[in-house]
Amino acid sequence: MPKDSGIGASSKRREDVRFLTGTGNYTDDINIYGQLHVHFLRADVAHAVLNGVDTSAAEGMPGVQRIFTGADFEAVGSIPCGWLITDRHGDPMQEPRHPVLAHGKIRHVGEPICAVVADTLAQARDAAEAIVLDYDALPAVIDMKDAIGADAPKVHDDLTGNLCYDWGFVEENRQAVDDAIKGAAHVTTLELVNNRLIANPMEPRVAVGEYNRADDFHTLHTTSQNPHVIRLLMGAFVLGIPEHKLRVVAPDVGGGFGTKIFHYQEEAFVTFAAKALNRPVKWTSTRSEAFMSDAHGRDHVTKIELALDAENNFVAVRTETYANMGAYLSTFASCTPTWLHGTLMAGNYKTPHIYVNVKAVFTNTVPVDAYRGAGRPEATFQLERVIDMAAHELGVDPIALRRQNFITEFPYATPVAVEYDTGDYHATMDKLIDIADFAGFDARRAESEAKGKLRGLGVNCYIEACGIAPSNLVGQLGARAGLYDAATVRVNATGSISVMVGAHSHGQGHETSFPQVISEMIGIPEDQIDIVHGDTSKIPFGMGTYGSRSLAVCGSAMVRAAEKVINKAKKIAAHLMEASEGDIELKDGRFSVAGTDKSVAWGDVTLAAYVPHNYPLTDIEPGLEETAFYDPANFTYPSGAYSCEVELDPETGHVKIERFCAADDFGNIINPMIVSGQVHGGIAQGIGQAMMEGCAYDSDGQLLSASYMDYAMPRAGDVPFYTVDHSCQTPCTHNPLGVKGCGEAGAIGSPPSLVNAVLDAINSGPGKKVAHINMPLTPSRVWAAMQ
Amino acid sequence: MKVSMEVNGRAVSGDIEGRTLLVDFLREGLHLTGTHVGCDTSQCGACTVHVDGAQVKACTIFAAEAEGAKITTIEGVAAPDGTLSTVQQAFQDYHGLQCGFCTPGMVMAATSLLKDNPKPTEAEIRHHLDGNICRCTGYHNIIKAIMAASGQEMPALAAE
Ligand code: FES
Ligand code: FES
């Protein structure tokens, strides 16, 4: 019998009611009395010397309040990068200045140059058209390998070249890996592109700055996944605003997928301008601006070699990756292709020798940073593709080859510096084979062939590192922040509870799932518990939501705070019942004395805490409110096995996805309905990456895919119903809920099986055999590969 | 210029520029912020409303073109006492939304589909939603919700 509340129940989402009735409060719904509007004039060339900006004609246009240029921000800090990477030689990465508005040089199409602030948005736009830019175009560097060539133009004149860093991991393993590859019975080599993507949450970014001169107080309303991170970065590094004079609010946010983690220039601008003009200033991104100003994702060019012994055991993996940084270092750009990618190169397999090399490169393109999965999809894709390729070359079953090499004993320390606490990769593979009906595949293939079509089945496994992250570890790796989280459990006098959390919900359903945990612990109904998030003036200092960390890290903080509350409440209950504290039990919202029929209700105890007439005042303070900060002991390691079945029309190269199945191990689960939804959404983004999405630049640095007419996003007709299962559960061993995180799995786990399936379909036919096709697998690419 | 129309059963009017889009009039002029703007090329459907009973992307018409029209926005879908419509309730029951940004447009599009085609097939639903992009749900639960709202059995593959 499924539960109807608490941990494990598919409680319906309470936040849905406001979203379904149009009463959500997204940042663009915020309008403040007296607000002005800003329009950014953005670069339409990729690389140029900016000699000057003539705003004189625009200044006098109707409604214009002020036009800002790069010169106004010379005394303002650089948009910071949150992670310092040390390269193979022990040197720090090259870190260019990232100005709020371009000054002296233009480095990518879409870079903001001038900001026109006017009474209305239309007036600001009109005036921007009257601004004259004086610039001399320079040749753009777009291709990464060209960019690090000897005579390549430099994106940043003050750096030694366009190489940000050349990272080796683990550098000490390099020789052993080279030797293992030399001595191997078989080596499979694959060169591939992990295509550049644009995250495209449906809500474009918005920022509204406010300033109160009376107490020198700033407020920024912004579409962010992590308001405290923005407060810290913008306050301390860019604008120099003390944290007690800066409030950052991220209200309802319409999806993030990583791209709303980062601190962007527009946020700093509206905060700065609100003080300069002493008026609120609002910016709402158009979708066209989003394409050229939201951080992009992925964009790796990789060579991977997998070495096997004569019995097909994996003996070594060696990779060389070029990772595009774009023109500047976005907040977490530097750690995505390194620590979030290199540490996952063991995958689900006991490969003893692994070496990862990553060259991060500056180009005249939009900055690239974390997008759903962030480094882990790139790791999974290359590994799972090269394994399939090796199986092909060796003529062995790709599932058997994987199974033979699975890690089966835990904890398992990989050669790439992480320790998996739990997992059962055979169990998820068994489950996948069952739910995907592999037994019926041959019959389905015969049916397709009877219609003149080709049918393919592709499989892959994945592992990810979630719940980021232990602060002391990431500190050693170069993180410029801690990655704990925090929660305050505030019990009200009548027993209802508000929980203030550092995590931020922008689709994940925290307002529903977090109360399920508290309800389970205390035994009061879920509707007695509310979650407060997204406002630095209301919540404790937490690091926000990304990397599938909310429940594993912030949820753990919430459990710890609730435990403190319960312990204190037991002391009060013991006093009320004149019993010993050790005999008090809490169940279903009542405290009782073990072995007696004495009991008091939760509400009696909470009332006593706030009306302490009969209360142990000499021993404990009145009130019932506790805060906990939780720093995880390790990452969590969700894993799983995915499969895809496609039907391919050999005449056109068109691929129809017939089935997509996912067997995941997320450890314990709070709300199965929400978990399935997260996997569905992740798979659709993986289908997008594998089949249709591709950010394209021409050689001059013009962004060719800058609207929904040019950048293909999956629509309802492009995807099938998915079959997802999360009944294989090996609970995380080091957090109190035993949870691992589920937000990114779908996007990490799905692209390899899609590509494996299409290749299986092609190679099942009578025509040319194809070893690899780069994503996205558009009909024209598939058809061309088959000719 | 002045424009008058009926929105969610209430007569409204406002002073607008000729270039004001219907979606901007609804959001800025009438403070009906449930209708969202997700793009500037009329591709995403977040702005979907009903104009004289027909499904329309409110970013594709000028407010002036809606002179005298009867408009329904997401704010006008639930009953006055707050009871959700069948489609809205199905979206909650089947987890057909995550961040909620595409949701108003999805509900308006689904409501319009079921009015014209009370028992649509899965393929018909997917086809009807071609102009509404959702980045969160992978569409799975949206399709399920609409099938449920039309009182239909779920196909086996959609069961989970
Ligand atoms: S805002 Fe109207 S279709 Fe996107
Ligand atoms: S629910 Fe977020 S875009 Fe559809």
Side-chain angles (χ1 to χ4, degrees), chain A residues 10 12-13 15-26 28-29 31 122 199-204 252-257 284 286-288 435 506-509 659 673-674 676-685 687 707-709 713-717 719-725 746, chain B residues 17 19 27-28 31-41 43-44 46 73-78 82 84 88-89 91-104 107 122-123 125-144 155 157-160:
Chain A
S10 283
K12 285 183 203 171
R13 298 199 334 164
E15 48 270 76
D16 287 359
V17 176
R18 66 177 189 270
F19 297 146
L20 282 162
T21 53
T23 49
N25 183 34
Y26 297 88
D28 193 40
D29 302 342
N31 291 297
N200 271 303
M202 291 317 296
E203 177 202 30
D252 288 329
V253 172
F257 315 116
T284 301
T286 62
R287 181 60 58 185
S288 300
I435 62 175
H506 33 277
Q508 296 86 343
R659 286 171 183 241
M673 174 193 82
I674 289 177
S676 295
Q678 290 293 308
V679 179
H680 296 156
I683 292 172
Q685 292 187 356
I687 290 174
S707 81
Y708 286 142
M709 299 197 289
M713 296 255 287
R715 297 181 187 236
V719 296
F721 279 125
Y722 322 101
T723 305
V724 304
D725 180 284
Chain B
E17 287 188 70
R19 61 182 168 179
R27 288 183 57 82
E28 310 299 331
H31 308 293
L32 293 170
T33 54
T35 302
H36 293 156
V37 178
C39 73
D40 46 8
T41 52
Q43 294 281 309
C44 77
T73 70
I74 189 68
E75 289 91 344
V77 173
L84 299 181
Q88 287 171 317
Q89 189 58 57
F91 268 67
Q92 186 186 30
D93 292 346
Y94 290 87
H95 189 25
L97 63 151
Q98 292 182 22
C99 79
F101 198 79
C102 72
T103 308
V107 168
E122 179 198 335
I125 298 172
R126 290 187 187 273
H127 180 73
H128 187 83
L129 296 183
D130 194 52
N132 291 77
I133 305 177
C134 175
R135 192 56 152 170
C136 295
T137 63
Y139 303 99
H140 183 108
N141 285 337
I142 292 177
I143 312 296
K144 261 171 82 170
L157 270 178
E160 169 43 49

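Residue numbers begin at 1 in each chain, while the letters A, B, ... track the order of the sequences.
- No other option in A/Pro720, A/Ala716, A/Gly22 has as many heavy-atom pairs under 4.5 Å with chain B as A/Ala716.
- Relative ring orientation between B/His140 and A/His680 is described as parallel, the plane-to-plane angle staying below 30° on a 0-90° scale split at 30° and 60°.
- Looking at A/Tyr708, the atoms closer than 4.5 Å to chain B (heavy atoms on both sides) sit in the backbone and in the side chain alike.
- Atom NE2 in B/His127 sits 12.5 Å away from atom CZ in A/Arg715 (nearest 0.5 Å).
- Options A/Gly677, A/Ala684, A/Gly717 differ in how many heavy-atom pairs under 4.5 Å they form with chain B, and the most are formed by A/Gly677.
- Here A/Gln685 is the residue among A/Glu15, A/Gln685, A/Arg18 with the most heavy-atom pairs under 4.5 Å with chain B.
- Top candidate by heavy-atom pairs under 4.5 Å with chain A, chosen from B/Phe91, B/Tyr94, B/Phe101, is B/Phe101.
- Considering only residues two or more places apart in sequence or on other chains, B/Thr73 meets the side-chain hydrogen bond (donor to acceptor under 3.5 Å, both in side chains) condition with B/Asn8, B/Glu75.
- Taken from CD1 in B/Ile133 to CE in A/Met713, the straight-line distance is 5.0 Å, to the nearest 0.5 Å.
- Of the residues considered (B/Gly38, B/Cys39, B/Cys44, B/Gly100), B/Gly38 shows the highest number of contacts with chain A, using heavy-atom pairs under 4.5 Å.
- In this structure, CE on A/Met202 lies 9.0 Å from CG on B/Asn132, to the nearest 0.5 angstrom.
- Annotation: side chain of B/Glu28 is in contact with side chain of A/Asn31 (closest heavy-atom distance under 4.5 Å).
- For the atom pair A/Leu20 CG and B/Gln89 CD, the distance stands at 8.5 Å (nearest 0.5 Å).
- Heavy atoms closer than 4.5 Å to chain A are found in the side chain of B/Thr103, but not in its backbone.
- Checking side-chain atoms of B/Arg135 against main-chain N and O of A/Gly254 turns up no donor-acceptor pair under 3.5 Å.
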Please determine whether side chain to side chain contact (heavy atoms under 4.5 Å, CB included) holds for the pair A/Asp29 and B/His31, giving the CA-CA distance in whole Å, both sets of side-chain angles, and the decisive distance to 0.1 Å. CA-CA 8 Å; A/Asp29 302 342; B/His31 308 293; over 6 Å; no
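- Side-chain atoms of B/Tyr139 come within 3.5 Å of backbone N or O of A/Pro714 as a donor-acceptor pair.
- Between chain B and the options A/Gly746, A/Gly681, A/Gly682, the largest number of non-hydrogen pairs under 4.5 Å is found for A/Gly681.
- Most heavy-atom pairs under 4.5 Å with chain A, from the set B/Asp130, B/Ile142, B/Leu97: that is B/Leu97.
- Between B/Gln43 and A/Ser707 the shortest side-chain heavy-atom distance does not fall below 4.5 Å.
- Taking 4.5 Å as the limit, every side-chain heavy atom of A/Val17 sits out of range of all side-chain heavy atoms of B/Gln88.
- Contact annotation for A/Asn200: both backbone and side-chain heavy atoms come within less than 4.5 Å of a heavy atom of chain B.
- Counting heavy atoms from C-beta outward, A/Ile674 and B/His95 have side chains that approach closer than 4.5 Å.
- The main-chain N or O of A/Gly509 is never found under 3.5 Å from a side-chain atom of B/Gln98 such that the two would form a donor-acceptor pair.
- If you take CG on B/Asp40 and CZ on A/Arg287, they are separated by 8.5 Å, rounding to the nearest 0.5 Å.
- Only the backbone of A/Ala199 comes within less than 4.5 Å of a heavy atom of chain B; no side-chain atom from C-beta onward does.
- Annotation: the span from B/Cys136 atom SG to A/His506 atom NE2 amounts to 9.0 Å, rounded to 0.5 Å.
- Under the 4.5 Å side-chain criterion, counting only non-hydrogen atoms from C-beta, A/Phe721 is in contact with B/Ile143.
- Side-chain contact between A/Phe19 and B/Cys99: absent, with no pair of heavy atoms (C-beta onward) separated by less than 4.5 Å.
- Heavy-atom distances place the backbone of A/Val253, and not its side chain, under 4.5 Å from chain B.
- Among B/Thr35, B/Ile125, B/Asp93, the residue with the largest count of heavy-atom pairs under 4.5 Å with chain A is B/Asp93.
- With a 4.5 angstrom heavy-atom cutoff, B/Val77 does not touch chain A via any of its atoms.
- For the pair A/Asp28 and B/His36, the minimum side-chain heavy-atom distance is 4.5 Å or more.
- Note: A/Ala122 leads A/Ala122, A/Ser10, A/Gly24 in heavy-atom pairs under 4.5 Å with chain B.
- In terms of the side-chain hydrogen bond (donor to acceptor under 3.5 Å, both in side chains) criterion, residue partners of B/Arg126 (sequence neighbours excluded) are, by chain and number, B/Glu122.
- Ranked by heavy-atom pairs under 4.5 Å with chain A, the list B/Gly34, B/Gly138, B/Ala46, B/Ala123 is led by B/Gly138.
- Looking at A/Gln678, both its backbone and its side chain come within 4.5 Å of chain B, counting heavy atoms on both sides.
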